[in-house]
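Everything below concerns the one structure shown next.
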Amino acid sequence: MRNNIHNRFYISVPADFNFWRTVYSHGWSSLKPFSVDKENQSLDRLLELNNNKLMYARINSSNSGKLRVDCQTKQTLNESEKEELVRQIKNCLRMGENFQEFYTIVKKDKEFSWVYDLKAGRLLRSPTVFEDIVKLICTTNCSWSLTEVMVNNLTTKLGKKFLLNEGAGISKELFSFPTPRAIASVDEKYLRSEIRAGYRAPYLLELAKRVESGEINLESWKNDQLSTGELFKMATSIKGVGPYAAGNLLKLLGHYDHLAIDSWCRTKYFEMHKAGRKVSDRSIEKFYSSYGKWRGLFFWMDVTKAWYKQKFPF
DNA sequence: GCGTCCAGGTCTACC
DNA sequence: GGTAGACCTGGACGC
């Protein structure tokens with residue numbers, strides 16, 4: 001077996017950044033190609049550079065406060081490739097986003113000051129907007145376990161393979177998230193039978209083809225100049241993306257003025273604020289309206305509050 | 001073992 | 001613009 005090239009480097013983090021609370025900010029860390037190694041307390045993932053080189057990264061929070069990144073590649077990385085790797089990691093962990101205004105509000109609010117104390121609030125995202133949208137479509141109208149099945153199938157059946165050296169001659173197969181081209185290259189029948197995407201199959205196929213053809217440039221959606229309204233309209237123009245998926249996508253793009261209420265959040269809200277009694281979505285919207293453009297993030301932090309009492313909430 | 005319900009919703013037809 | 005019904009899948013639950 002050919003040995004991989006090992007590299008270790010460190011990334012400085014913002015003062016208000018908490019690595020572990022970002023990893024466990026929502027369910028993305030348990031969807032492939034992300035994985036959490038609880039023993040090593042690391043976020044692991046196979047990344048793909050723009051030039052298609054694959055790279056395994058194990059990310060830990062080091063004693064110095066910096067992130068420690070241990071990576072494995074097949075070929076030596078040049079400086080620009082290392083820079084791209086760092087950019088991808090910072091992008092996933094939302095390290096370039098300014099949360100000063102959000103923290104100024106939460107630290108004055110007795111119900112939410114814990115968010116400031118824990119430096120919580122950053123929501124883990126994928127390296128590409130395409131991956132986030134595919135995963136969001138896979139969360140709709142199904143159990144979380146089925147979402148895991150669909151994403152796992154997409155990754156292992158349509159992603160690129162990488163052999164990770166685990167030492168003592170042992171290796172493990174890892175897969176990257178499939179590119180738009182890889183998904184566009186199969187048909188609806190395959191997505192139904194092999195990926196188990198069900199009625200979502202035509203949605204995934206259409207999205208992949210639109211991205212692959214250049215009809216839509218999803219990465220441009222990270223542009224700060226786009227308003228929430230514009231982004232919401234663009235997101236819901238994608239088949240399979242309704243108010244819930246669009247609202248959550250906007251949060252991953254740094255816009256927090258949609259609550260993105262789903263059945264899980266509804267139930268949590270009813271338990272926490274209404275002793276289990278059901279109320280309308282409009283009533284939930286009203287409850288968080290005073291938090292203005294940050295209300296979607298306040299809502300999410302509120303319904304996931306219990307997660308922050310544990311090192312490994314799931 | 002089998003049937004039913006529903007889960008981290010969305011689309012389309014119809015009014 | 002609002003609403004009902006259909007849509008894949010698979011786990012949980014009751015019988």
Side-chain angles (χ1 to χ4, degrees), chain A residues 23-32 34 36 123-126 131-158 183 186-210 216 229 231-253 256 258-274 276 278-285 287-288 295-308 313-314:
Chain A
V23 170
Y24 274 111
S25 53
H26 62 132
W28 258 209
S29 60
S30 62
L31 291 181
K32 298 293 179 191
F34 283 121
V36 170
L123 305 178
L124 182 70
R125 69 180 174 189
S126 307
E131 182 180 327
D132 278 333
I133 297 178
V134 168
K135 285 178 172 173
L136 281 166
I137 290 174
C138 291
T139 64
T140 57
N141 197 28
C142 65
S143 60
W144 183 254
S145 61
L146 182 55
T147 299
E148 290 180 316
V149 168
M150 288 186 270
V151 172
N152 194 49
N153 285 336
L154 279 168
T155 307
T156 55
K157 297 185 181 195
L158 295 175
I183 296 179
V186 299
D187 58 16
E188 189 181 319
K189 189 179 170 189
Y190 182 92
L191 292 172
R192 285 178 186 270
S193 62
E194 297 299 317
I195 307 302
R196 313 304 291 166
Y199 70 90
R200 303 165 195 82
Y203 304 154
L204 298 178
L205 196 56
E206 183 180 309
L207 172 66
K209 286 180 175 174
R210 289 178 71 191
I216 47 173
L231 281 169
F232 190 81
K233 198 173 171 184
M234 287 153 69
T236 50
S237 75
I238 294 170
K239 285 272 181 65
V241 175
Y244 149 80
N248 275 318
L249 177 65
L250 259 60
K251 288 179 189 174
L252 299 180
L253 292 169
Y256 303 98
H258 283 264
L259 264 51
I261 304 168
D262 57 31
S263 57
W264 186 86
C265 292
R266 256 183 223 107
T267 304
K268 281 287 166 194
Y269 177 85
F270 299 156
E271 287 170 5
M272 294 173 71
H273 296 288
K274 300 292 171 186
K278 292 181 180 178
V279 295
S280 67
D281 284 0
R282 190 170 291 181
S283 170
I284 301 175
E285 296 273 0
F287 186 87
Y288 296 94
R295 59 188 180 275
L297 191 51
F298 272 87
F299 173 56
W300 183 248
M301 300 317 296
D302 202 18
V303 295
T304 59
K305 187 176 180 179
W307 293 2
Y308 293 86
F314 45 82

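So you know, we letter chains A, B, ... as the sequences are listed, proteins then strands, and number each from 1.
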To the nearest Å, give me how far apart [atom1] ([X]) and [atom2] ([N]) are.
X	N	atom1	atom2	answer
A:Asp262	B:dT10	CG	C1'	14 Å
A:Tyr199	B:dG9	OH	P	8 Å
A:Leu204	B:dT10	CG	P	13 Å
A:Glu148	B:dA7	CD	C1'	13 Å
A:Leu207	B:dT10	CG	C1'	15 Å
A:Asn141	B:dC6	CG	C1'	9 Å
A:Phe232	B:dT10	CZ	P	9 Å
A:Asp302	B:dG8	CG	C1'	17 Å

N/O donor-acceptor pair under 3.5 Å between A:His26 side chain and A:Leu124 backbone
yes
Taking A:Ser29 for its side chain and A:Val23 for its backbone only, find out whether a donor-acceptor pair lies under 3.5 Å.
yes
Segment of DNA chain C, first to last nucleotide, that comes within the 4.0 Å heavy-atom reach of chain A
C:dC7 to C:dG11
How about A:Ile183 and A:Leu158: do any of their side-chain heavy atoms sit closer than 4.5 Å?
yes
Is it the case that the base of B:dG9 and the side chain of A:Tyr203 share a donor-acceptor contact (distance under 3.5 Å, atom types as modelled)?
no
May I ask you to say what [X] touches in the nucleic acid, namely base, sugar-phosphate or nothing, with a heavy-atom cut-off under 4.0 Å?
X	answer
A:Arg192	sugar-phosphate
A:Ser143	base
A:Val241	sugar-phosphate
A:Ile238	sugar-phosphate
A:Ala245	sugar-phosphate
A:Cys265	nothing

For the pair [X] and [Y], name the ring-plane relationship: parallel under 30°, tilted 30 to 60°, perpendicular over 60°.
X	Y	result
A:Trp307	A:Trp264	tilted
A:Tyr203	A:Tyr199	perpendicular
A:His273	A:Phe287	tilted

Taking atom [atom1] in both [N] and [M], compute the distance separating them and give it to the nearest angstrom.
N	M	atom1	value
B:dT10	C:dG11	P	23 Å
C:dA6	B:dC5	C1'	16 Å
B:dA13	C:dC8	P	15 Å
B:dC6	C:dG5	P	15 Å

Bracket string, DNA chain C, 5' to 3' - pairs by Watson-Crick or G-U geometry under 3.5 Å, | interstrand
|||||||.|||||||
Kindly check if the number of other-residue, nucleotide or ligand heavy atoms within 6.0 Å of NZ (A:Lys239) is above 12?
no
Starting at the 5' end of DNA chain B and moving along, which residue's nearest nucleotide shows up first, A:Tyr244 or A:Leu146?
A:Leu146
Euclidean distance, A:Lys135 NZ relative to A:Thr155 OG1, rounded to 0.5 Å
6.5 Å
Roughly how far, to the nearest 0.5 Å, is the CH2 atom of A:Trp300 from the NZ atom of A:Lys268?
10.0 Å
Short N-O contact, A:Asp281 and A:Arg266, less than 4.0 angstrom:
yes
According to a cutoff of under 5.5 Å between the ring centres and under 30° between the ring planes, does A:Trp264 stack with the base of B:dA7?
no
Mapping A:Ser145 and A:Thr140 onto DNA chain C by nearest heavy atom, which one lands closer to the 5' end?
A:Thr140
For the residue pair A:Tyr24 and A:Phe314, is the inter-centroid distance of their aromatic rings smaller than 6.0 Å?
yes
Think A:Lys239 has a side-chain N or O under 4.0 angstrom from the OP1 or OP2 of B:dT12?
yes
